[in-house]
Every structure is written in C-alpha cells, then in structure tokens.
Amino acid sequence: MSWGRAMDRWMPVLRALLSVIAGFAAGLAVTWVAGESPWNVFMILIRSAFGSWYDLGMTLFYTTPLLLTGLSVAICFQAGLFNIGAEGQLTLGALAAAVTGVVLAGLPWPLAPVAAAAAAFGTGAFWGWIAGWLRARRGSHEVITTIMLNFVAAGLSSYVALYLFPNPDSQNPETRPVAKSFLIQHLSVFGDAPVSTALILAVAMCVAYGFLMRRTVLGFELRSVGQSERAARVAGIDPGKIQILAMVLAGGLAGLVGVGEVLGNAEKFKLGFSPQYGFVGIAVALLGRGNPVGVAAAALLFGALHKGTGDLDFETENVTRDLSMILQALVILSVSADGLWDWVKRRV
Amino acid sequence: MFEELWAILASTIRVTTPLLFAALGGLYSERSGVVNIALEGKMLVGAFAAAAVALATHSPWLGAAAGAGAGALAGVAYALFVIRWRADQIVAGTAINFLAIGLPPFLCKVLYDSTGGTPSLALSDRFTFEPVALVALALLLTWFWMRRSRSGLWVQFAGEHPQALDAAGVGVNRTRWMAVLMGGVLAGVGGATLSISLSSSFTREMSAGRGFMALAALILGKWRPLPTAAACVLFGLADAMQIRLQGVKLGGGAPIPTQFIQILPYVVTILVLAGVVGQSRAPKALGLSFRKA
C-alpha cells in the first residue's frame, strides 16, 4: 500500500481521534473554570468507567443502547437520510416490549423474550416507516417529521403506560412489570451491573450492519441512493423504496433498545427512561463514520462517558454529571466542522 | 363558564409568548437559509442568563437583555460552525442543544451550589405583562421589516436564491450571520420569558421541547410571520387546554387523557408536511451552505 493510500485510509480515523481529543480538552478546560483540576476529573472519568468489573459492566450497559441507536442513525446516513427520530422509535420499541410481556404473560421462556424483541423491532420499524414513507412518497423532510414523531411517541407512550397498563403497585409513571419468563440473562462477570445478553444482540446487529453494507446488494443500493439519488435511479434503483427501507431498519434497530432496558434491566417500561440515547446516537454515528467498528468504538466511548460522569457528582466539589452533555457537544462540534479542518490543515 | 373561558384565554396568551419569540427567531434564521433546530438550546441559555442576571441586579429588564445576549452568543457559536466552517446544520444544531442542556446546570452548581437551577426570584424582579407586549411588537416589526425593508428582502433572497443575492453584490454569508444572530436574540428573550415571567427561576431543561414546538409552528405558518403567529396561538391554546384539563375527571370518574391534546400540534404539523392539509414549502436554499463560486 502506498503512502498516499494509507493516508486516505487512516485520515478519517486520525480525524475522529483528534476530534475526540480536542472535544475532551475543551470540555475539561471548562472544569478548570469551575475550580477543579482537569487531570483529576479525567482520572475520575477513567476510573469510574473502567475501574472494576462492575464499572465496566455499567459502561457496557450504557453502550448497548448507544450502539443500537448509533447503527440506526448510521444506516440512514448511508442512504442520505437523517434520523433524528431514534428517540421516539426506541421509546415505542421499549413500550412494545413491556406491553408484550404483560399481555402475553403466559409465553414460556425462550419464546417470550424473542416475541418481545420482535415486537420492539416491529414497533420501532413501523415508527421509522412513517417518516420514510412521508419522505419518499410525500416529500416531507425526514428531519422535521422525525422530530415531530418523537413528541407524538412520547405522548402516545405516556398514554399507553399510564392509562392502559399502569403499575398498580407503584406511584411511578411506569407500566406493570413483565412476566418472569420474559427476563433475559445478565452477564454475571460484571457483578450487579444490569448488562445483559442484549449487549450480545447489539454486537450481533453491528456485525449484521457491516455485512449488509459491504457484502450485499441492498447495502450497495443504500449507499448509491445516499451518494446520488439521480444516479441510483439511472442504475435502476427505486430511491423511494430504499429510503423507506432504510428508515424501517433504522426504526427497528432503535426499537431493540427496549430489549436491554425492559427485559434486561427495569422489567417494565418506565416513562423517560432514556437519557437522550436517540440523540447521542447521532454523535455515535458521526464519530463512527458509518463504519461498524467505528460505531462500536464510539458507542463504547459515549457509554463510558455516561458512566464516568455519573460519578462526578459525589467525587468532585463542583463538577456534576452535566459535564457529559458538554463533552458530547464539543466532540460533535469538532467532528462536524469540515471548514475547521481545512483551516487547521492550511496552517500545519 | 365565562370565567373558565377567560382563564383559558389568559393562559393561552401566557404560554404562547415564549413560543412566538422562539418561532420568530427561527423565522429570521430559516428564511435566510440556515436551519434552526438549535432554537431549543438558545431558549435554554436565554432562560438561564435571564434568571441569573435578574437575580443579581433585581431588574427583569436587565435579565431579559442578558437572555437576548446569551441567545445571541449561542447564535454566534452556531453561525461560526455552520456558516464559517460549513458544519452540517442539523449536526451542529444538535450539538448546540446538548451544550445548552449541560452548561447551565453546570454553572448553577458553580454559582449557586445547586444542581437543579437558580434560586427563586422575588415577585418584583419578575416580568408580568411586559413579554406579551414585547412579543407583539417583535411580531409587528418583523412583519413590516420582511415586507418593506431592503434587508428583509436580502434575507429572503439568501434563503431562496443565494447566487442572485451574491450577484447583486450583497454578501450572502454576512446576511445569514445577521439573521442567525437576530434569531438567537429572539429565542433568548423567549427563554427569558420562561424563567423570569412564567416561572420564578431557571430549572434544568425548562424549555421542555418548546424550541421544537416553535419550529413546528414555523412550518405550519409556512415561514411567514402572521401565519406563524397564528400557529403559535393554536399550539398555545392546546397547551393551555391540556394544563387546564389535567386532573379533571370525566363523568365516570376517569381522568381525561391529556396526552392527545399534547400531541395534537405535532400531528397537525406532520399532516401539513405530508400535504394532507394544505402545503408548506421551505425556503429553497434551506440547509445548504454557501460558497462563493
């Protein structure tokens, strides 16, 4: 491999790494303003994200949904679409998993979680389909429709959880618990951390995504439509069909977040359980640049960030978990600014 | 009955005010060709700055000015990334929203040793009717400016046909900078309305999706000032009804599910976008960065 080709290949990786470093440096500088030592804060982040098997388990627990939403956004990016709707899709997916666990309580074990996962995928996929269909057949921009659909999903899930399947034993806004046969196994290496076989499912989805993109005709069609709708049409591809399919798959992937959350952790649907997993998925997909390994690494990074910052509240005087959002914002900004990179390149 | 109607009307006006500020802010930016999904974040930083300054100076006017300033600052950050450095507008907007969710509580902790928000404002340090008058003024000025002024025309051309504006010797990106800054100011004041008029302090994520609702109103209003204002009033009415009906029991003793009223604005917007009810067309160059040929 020549030097130039190696540069082409590794440049995106280098850029992603530099973006993360730049974002972290800026974010940690903010903690210095708050009177903390940035180095100290950084070490706390590392320690509480990876310091023990339990900590690592919690990090992986947060990584699971982020990997799924990251793939959800990434598959749409490939097709030239922007899925801001992962938040709504995952909300309805989780709700569907919980409702399945209540309504079909009699299902035996191996079948039960599979049925709930299928319901989660299907419901998320349906929610994605709406946005895909509106885009392909009515020309409504998917960014706007998915934002609106997020709010509709929040309202609908609140109605279903509070009016149709409320938990009689609790004042919390949540559904009744699912039947025991629906619960999935925790990975026992990580002690009490609620990381479950859902992580394996998410990794499998990541592998499937890589296979789909690189080895299948559909993956080629998705990328063609993403690069040029017109060229794809000339090549005999129906861009509308592909766009709808991309949104359906994206919705399904986001919906699978419900598996880990409902069957592996809460055992019910809790209103507002997601700390913006859907939106963080945008950052994951951007940083991962559509590459399955990249998306997985980015999901792990943001999962670690979520776990690590959670401990800042009691480990430091002045810095709270809100640092997580600040760091994410700065990383996204430094990844996204093409012009900034041109500017840096001119100077180096 | 009459009292009930009056209460709903008053409540509608109150909740419409911040929404209309934000929607007008979005109007400036989007008509110039810059998508504004960062409205939510601009409202949040405006709400925080207004509460903090009103608390320190005991003046709601200075508070509102600080809200405008903070919104403008967020606008500068946004414009820097999307106009100067040509970052994707949706991506950068999402990042600004994240920053606005994280930064104010972070500062609250440093300034007030509280993770939730700012301390409460005294009644005398708060606005009562002033924001309503201000937003009405802003609406009229915007409407007039867009139709009658030269710069209003520039902004419209920057969003519809930037090459033509450029050919006429007016800087497209300069026009967009101004529009985004103006948008930040208005969204910031909208946020200030939340923290120093509708409530007595800044609380974490207090905008609660109003920035996105404003965006919906803007689309429903077809990116024009007066219809956008009408859409805001409609959304405000839905919000007021929902607040009013919360906990009210039906004949059978069951509470009314207010969720359906809550999602109504979004459903209507989707239907309009789908062309089921009317059509809404975005500015032609919306979302595209401009580079001189």
Side-chain angles (χ1 to χ4, degrees), chain A residues 27 30-31 33-35 82 84 130-131 133-134 137-141 143-145 147-160 162-163 276 279-280 282-283 286 313 317-343, chain B residues 35 37 41 77 80-92 94-110 113 115 204 209 212-213 215-216 219 254-255 257-270 272-276 280 282 286-287 289 291:
Chain A
V30 175
T31 66
V33 176
F82 211 137
I84 308 262
I130 298 177
W133 185 84
L134 285 170
R137 304 287 177 240
R138 312 291 310 188
S140 332
H141 203 292
V143 167
I144 306 295
T145 54
I147 289 175
M148 302 303 141
L149 285 168
N150 283 343
F151 287 102
V152 177
L156 279 182
S157 64
S158 151
Y159 172 74
V160 173
L162 302 183
Y163 287 86
Q276 314 251 31
F279 286 97
V280 181
I282 299 170
L286 272 174
D313 286 352
E317 195 77 22
N318 274 331
V319 180
T320 58
R321 60 189 318 142
D322 300 306
L323 184 65
S324 157
M325 279 293 180
I326 300 176
L327 284 172
Q328 285 173 32
L330 294 170
V331 171
I332 301 175
L333 283 176
S334 57
V335 177
S336 67
D338 282 332
L340 185 60
W341 285 94
D342 296 343
W343 184 81
Chain B
V35 178
I37 71 164
L80 202 58
F81 274 91
V82 302
I83 301 176
R84 177 83 178 272
W85 291 325
R86 297 185 312 280
D88 184 278
Q89 297 176 357
I90 310 291
V91 172
T94 305
I96 296 282
N97 284 338
F98 274 23
L99 201 58
I101 291 174
L103 207 52
F106 181 87
L107 293 173
C108 282
K109 175 75 180 166
V110 175
D113 197 27
T115 52
R204 167 190 293 271
F212 292 115
M213 203 188 242
L215 203 59
I219 295 161
T258 52
Q259 284 91 348
F260 292 104
I261 307 173
Q262 231 165 343
I263 63 176
L264 199 65
Y266 306 108
V267 174
V268 172
T269 308
I270 293 173
V272 169
L273 276 167
V276 179
S280 185
L286 187 62
S289 67
R291 229 196 292 206

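In the text below, chain A, chain B and the rest are named by the order of the sequence lines, each starting its count at 1.
For Ile130(A), no part lies near chain B; criterion is any non-hydrogen pair under 4.5 Å. Both the backbone and the side chain of Tyr159(A) come within less than 4.5 Å of a heavy atom of chain B. Within the 4.5 angstrom heavy-atom criterion, no atom of Leu107(B) approaches chain A. Residue Val33(A): no heavy atom, backbone or side chain, is found under 4.5 Å from chain B. Within the 4.5 angstrom heavy-atom criterion, atoms from both the backbone and the side chain of Ile326(A) approach chain B. Val331(A) does not touch chain B: none of its heavy atoms, backbone or side chain, sits under 4.5 Å away.
Contact count versus chain B (heavy atoms, under 4.5 Å) is highest, among Leu162(A), Val280(A), Leu323(A), for Val280(A). Ranked by non-hydrogen atom pairs under 4.5 Å with chain B, the options Ser158(A), Gly35(A), Gly27(A), Ala283(A) are led by Ser158(A). Note: Ile90(B) leads Asp88(B), Ile90(B), Thr94(B) in heavy-atom pairs under 4.5 Å with chain A. Listed options Arg204(B), Met213(B), Gln262(B) were ranked by heavy-atom pairs under 4.5 angstrom with chain A; first place goes to Arg204(B). When each of Thr320(A), Leu330(A), Leu327(A) is scored by its heavy-atom pairs under 4.5 Å with chain B, the top score falls to Thr320(A).
Phe98(B) approaches Gln328(A) most closely through the heavy-atom pair CE2-OE1, 3.2 Å. What you find for Asp322(A) and Pro105(B) is that their closest heavy atoms are OD2-CB, 3.1 Å. Closest heavy-atom contact between Ala329(A) and Ala95(B): CB-O, 3.2 Å. Taking every heavy atom of both residues into account, Ala274(B) and Ser140(A) meet most closely at CA-OG, 3.6 Å. What you find for Thr258(B) and Tyr163(A) is that their closest heavy atoms are N-OH, 4.4 Å.
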N/O donor-acceptor pairs under 3.5 Å from side chains in residues 148-157 of chain A, not counting sequence neighbours:
unit_1	atom_1	unit_2	atom_2	d
Asn150(A)	OD1	Gly88(A)	N	2.8
Asn150(A)	ND2	Ile84(A)	O	3.0
Ser157(A)	OG	Ala153(A)	O	3.0
Ser157(A)	OG	Ala154(A)	O	3.0

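One distance of note links CG of Leu333(A) with CH2 of Trp85(B); it measures 9.5 Å at 0.5 Å rounding. A distance of 4.5 Å separates CG in Leu215(B) from CD1 in Ile144(A), rounded to the nearest 0.5 Å.
Under the 3.5 Å distance criterion, the side-chain polar atoms of Ser336(A) are left unmatched by any main-chain donor or acceptor of Val91(B).
A heavy-atom distance below 4.5 Å is not found between the side chains of Leu286(B) and His141(A). Residues Leu273(B) and Leu134(A) are not in side-chain contact: their nearest non-hydrogen atoms beyond the backbone lie 4.5 Å or more apart.
Annotation: salt bridge (charged side-chain N to carboxylate O under 4.0 Å, His left out) contacts involving residues 95-104 of chain B, sequence neighbours excluded, are absent.
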